[in-house]
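A quick write-up on the structure given underneath.
Only heavy atoms go into these numbers, but all of them, side chains included; no hydrogens, no water, no symmetry mates. Predicted, not measured: the structure shown is a model, and the values here were computed from it. Numbers restart at 1 for each chain; the letters A, B, ... are given by sequence-line order, proteins then strands.
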Amino acid sequence: MPELPEVETTRRGIAPWLEGRRLLGARVRQPRLRWPVPADLDARVRGRRVRQVRRRAKYLLLDLGNDDWLLLHLGMSGSLRVLPKDSPPGPHDHLDLLLEERRLLRLRDPRRFGAVLWWHGLPQAHPRLRRLGPEPLSATFSGAHLYGLSRARRTPVKAFIMDQRVVVGIGNIYANEALFAAGIHPGRAAGHIALPRYRRLVAAIRETLEAAIAQGGTTLRDFEQADGRPGYFAQTLRVYGRAGRPCPRCGTPIRRRELGGRSAWWCPRCQR
DNA sequence: ACTGGATCCTGACTGC
DNA sequence: TGCAGTCAGGATCCAG
């Protein structure tokens, strides 16, 4: 999926078209996503003004006022684009939100792991958001936080930092890249990493995510920014998807192995 | 509580 | 050209 940098890039791209504007309606072509899209979405959103487009973890939150929220998740293959009102939909264009100024916000999601959820109340009280860990770019995320949560955990550190209850926003690309930047082997038991190394890891996570946001995220195949451009961080990837190719730091061939059901890539010399 | 595995879905790619 | 197998940016649920 879109990980934090791709979701944040999307938020920044769509916000100017939504904030302070009204929604004129919704067209749902395929309601069967991760969870069913509300059947009455069109009636619910029509005429509602979007106060703000926020992001929590990998969720986009449209603040419609009166404690009503529309939550969007892009799953593995989702993207959102702002298009002219009469653009013909493709086979995986499941939802349009009709905007002012003859525009629409279109959700495309070939694998349909994404979600469109309605919520009334505080967003942090939503069942899907309630148990989320800290934002990695916030001050509450620290080496001490990772260290404290990881004691006695035997799970590989890569799976540990991809657990959204530990810290949000990190998926398979940025977990691999941040661990390379920190010099930590992805298979190392989370509970066997000392505090100074977790401090390094936190710095590496922040630097990696911020650099990726600056490049508009990573496009492997599906991801598009709101204006249709790809993200350009793919050319900056140092280990992800690079099995057998030389480590950019020492030249040793990058290795790949399945870890916790996901592919891990690392340099056997630089990462311990 | 923690861990690993299966699961949802479609498309791209590889090898025969 | 076709077909089978593998893999893919996520997150939940279940069994042990």
I need the CZ-P distance between A/Arg165 and B/dC2, as an integer number of Å. 8 Å
Let's go through A/Asn172 and A/Lys158 carefully: what are the C-alpha distance in whole Å and the side-chain angles of both, what is the deciding distance for side chain to side chain contact (heavy atoms under 4.5 Å, CB included) to 0.1 Å, and is it a yes or a no? CA-CA 8 Å; A/Asn172 209 26; A/Lys158 176 170 164 288; 2.7 Å; yes
Would you kindly give the CG-to-P distance between A/Leu33 and B/dC8, to the nearest whole Å? 16 Å
Look at A/Arg206 together with A/Glu210 and state whether they make a salt bridge at an N to O cut-off of under 4.0 Å. no
With heavy atoms under 4.0 Å as the rule, sort A/Ser263 into base, sugar-phosphate or nothing. sugar-phosphate
What contact category does A/Gly171 fall into here, base, sugar-phosphate, or nothing, at under 4.0 angstrom with non-hydrogen atoms? sugar-phosphate
Side chain to side chain contact (heavy atoms under 4.5 Å, CB included), paired with A/Pro2, selected from A/Ile173, A/Leu74, A/Thr9: A/Leu74
Determine the contact category for A/Arg34: base if any of its heavy atoms lies under 4.0 Å from a base atom, sugar-phosphate if only primed atoms, P, OP1 or OP2 are that close, otherwise nothing. base
Measure the distance from OH on A/Tyr59 to P on C/dG10 and round it to the nearest whole Å. 13 Å
Is A/Arg111 close enough to C/dA11 that one of its side-chain N or O atoms is under 4.0 Å from OP1 or OP2 there? no
Assign A/Arg108 to base, sugar-phosphate, or nothing according to its heavy-atom contacts below 4.0 angstrom with the strands shown. nothing
Nucleotide C/dT12, atom P - distance to NE2 of A/His126 in whole Å: 11 Å
Residue pairs meeting salt bridge (Lys or Arg N to Asp or Glu O under 4.0 Å), one or both in residues 24-40 of chain A, sequence neighbours left out, come to A/Arg27-A/Asp96, A/Arg29-A/Asp96, A/Asp40-A/Arg44
Take A/Pro156 and A/Arg32, find for each the nucleotide of DNA chain B with the closest heavy atom, and name the residue whose nucleotide sits nearer the 5' end. A/Pro156
Partner nucleotide, any strand, of B/dA6 [Watson-Crick/G-U, under 3.5 Å]: C/dT12
Using atom NE2 of A/His94 as one end and atom C1' of B/dC8 as the other, report the distance to the nearest whole Å. 13 Å
Under 4.0 Å between any heavy atoms, over every strand shown, what does A/Tyr240 touch: base, sugar-phosphate, or nothing? Just pick one. sugar-phosphate
For A/Tyr174 and A/Phe233, take the angle between the two ring planes, folded into 0 to 90°, and tell me which bin it lands in: parallel under 30, tilted 30 to 60, perpendicular over 60. tilted
Does a distance-only test, which skips hydrogens and angles, find a donor-acceptor pair under 3.5 Å between the side chain of A/Arg221 and the base of C/dA8? no
So is the aromatic ring of A/Phe113 stacked onto the base of C/dA11, judging by whether the centres are under 5.5 Å apart and the planes are under 30° apart? no
Would you kindly check whether a donor in the side chain of A/Arg112 faces an acceptor in the base of B/dC9, or vice versa, at under 3.5 angstrom? no
By nearest-heavy-atom nucleotide on DNA chain B, the more 5' of A/Thr155 and A/Pro91 is A/Thr155
What is the distance from NE2 of A/His92 to C1' of B/dC9, rounded to the nearest Å? 10 Å
Taking CD from A/Glu6 and C1' from C/dA8, how many angstroms apart are they, rounded to a whole number? 14 Å
Can you tell me how far P of B/dA1 sits from CG of A/Asp163, to the nearest Å? 14 Å
When you measure from the side-chain N and O atoms of A/Arg153 to the phosphate of B/dT3, is any distance below 4.0 Å, counting only OP1 and OP2? yes
Base-pairing mate for B/dT14 - Watson-Crick or G-U, with both contacts under 3.5 Å: C/dA4
Using 30° and 60° as the class boundaries, would you call the ring planes of A/Tyr59 and A/His73 parallel, tilted or perpendicular? perpendicular
